[in-house]
Amino acid sequence: MREMTLSPSNNFQPKFQNIPSKQLNKIITMRSPIQFNKRHSFRSFSIKNQSQSNQTPVSKEPINVPPLVVVGSANADIYVEIDRLPEEGETISAKNGQTLAGGKGANQAACGAKLSHPTYFVGQVGEDANGNLITQALNDCGVHLDYVNVLKNGAPTGHAVVMLQSDGQNSIIIVGGANMSGWPLNLEDDLQVLKNAGILLLQREIPDSVNIHVAKAARNAGVPVILDAGGMDAPIPRELLNGIDILSPNETELGRLTGMPTNSFEQISEAVVKCHEMDVKQVLVKLGAKGSALFVEGEKLIKQPIISAAKVVDTTGAGDTFTAAFAVALVEGKSKEECLKFAAAAASLCVQVKGAIPSMPDRKSVLKLLQSV
């Protein structure tokens, strides 16, 4: 998958305005945040409520586990289905076109909620139809929207053009819009939920300065931070790397970060060593069709093969699904091996459905697949 990011420059700083969640109270019961060297007796992978539909949001009842907090982007994904990418200077016709909710942050939040884990999304949308599309999609998934900001400065909701080929592979161009515009300077002061989070998920489709502030707030609260390296095509600031616990790149992103080749697993391993030298102690590498690998400095490498999909329809959102599912399993106290397998199952189901948020699997489906492998 290839991505480009186009981001407007905007120094306007609006006040934070929350979207009220229609079906929840703002307070849920939480425990203290986890540490990676501790095991917690959270609920097992079994679930009681196994019925879901597109019309019925996931339950947002209070639950005694620390929530997943996702700070990141929200995009309207404009899908165009094509047989092949156009050549330079060439115009081709698409077989179909559709606009769906997406964005790496929104995708990961939707995945967490659909896996029946309490999930908060912190992000920004414009005061427009695409913003309504995204917030409605997240609400339908069961995401808590108490910290979503609707910009009043005219910035449009971020959007992306997804060129989806017949083999399920895609190329994506991103326009930052509200994702890159006017984040409040005192954001971390408003996020009381972050202090009680189980894990914080970040990506790189919002300004690095926002990620740095939020990562520092999480670290001060003892909350583990996972940074998905996808999004911005620029070096990751050392200040941001210093504030995270796990870095999660794919091979391309790992190569871009380290300046090293990543064409073979041996080269990937060498690039991860460079990450360790940059004080990133845990690196979760997404390897596409080759699975995934978790490198923890001083510990044995853990590899997870893919769980084969019956048919690959669309790979959009597969990496976000993997990262979010890994985080859910981790905050629920599973071993790293179990986390990788749970994430692989979720990603396998994701690629069998078109769209990002629409393809996020529910917990029942993931558990059913795990029972069959």
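These numbers come from the heavy atoms of this one structure, side chains and all, not from hydrogens, waters or symmetry mates.
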Residue E90 excluded, over 12 heavy atoms near CD under 6.0 Å: yes
From SG (C275) to CG (L247), nearest 0.5 Å: 5.5 Å
Side-chain (R204) to main-chain (A234) donor-acceptor, under 3.5 angstrom: yes
K303 charged N/C atom sitting above F265 aromatic ring, 6.0 Å / 45°: yes
Donor on one side chain, acceptor on other, E266 and S269, under 3.5 Å: no
Inter-residue atom distance D320.CG - Q203.CD, 0.5 Å rounding: 7.0 Å
Heavy-atom donor-acceptor pair, S348 side chain to I307 backbone, under 3.5 Å: yes
Flag, side chain of R363 to backbone of L115, donor-acceptor distance under 3.5 Å: yes
Step-by-step side-chain hydrogen bond (donor to acceptor under 3.5 Å, both in side chains) determination, D83 to S166: CA-CA 5 Å; D83 291 322; S166 55; 4.6 Å; no
Between CZ on residue F342 and NZ on residue K334, distance to nearest 0.5 Å: 9.5 Å
Within 6.0 angstrom of K300 NZ, more than 12 heavy atoms from elsewhere: no
From CA spacing to verdict: side-chain hydrogen bond (donor to acceptor under 3.5 Å, both in side chains), T316, D314: CA-CA 6 Å; T316 308; D314 179 11; 2.7 Å; yes
Sidechain-backbone polar pair: N75 side chain, D77 backbone, donor-acceptor under 3.5 Å: no
Pairs meeting criterion salt bridge (charged side-chain N to carboxylate O under 4.0 Å, His left out) with involvement of residues 267-295, two or more places apart: D228-K286, R238-D279, E251-K290, D279-K281, K281-E297
Distance-only side-chain donor-acceptor flag, N179 / E205, under 3.5 Å: no
M260: hydrophobic cluster co-members (side-chain, 4.5 Å): none
Crowding at NZ, K341 (>12 non-hydrogen neighbours, <6.0 Å): no
Pairwise distance OG(S181) to CG(L151) - rounded to 0.5 angstrom: 5.5 Å
Under 3.5 Å: donor-acceptor pair, side chain of Q371, backbone of K368: no
For L227, the option from V280, L240, L284, T323 that meets side-chain contact (heavy atoms from CB on, under 4.5 Å): L240
Euclidean distance, Q282 CD relative to S248 OG, rounded to 0.5 Å: 11.5 Å
D128 side chain vs P156 backbone, donor-acceptor pair below 3.5 Å: no
ILVMFWY clustering at 4.5 Å (side-chain atoms), partners of V312: V351
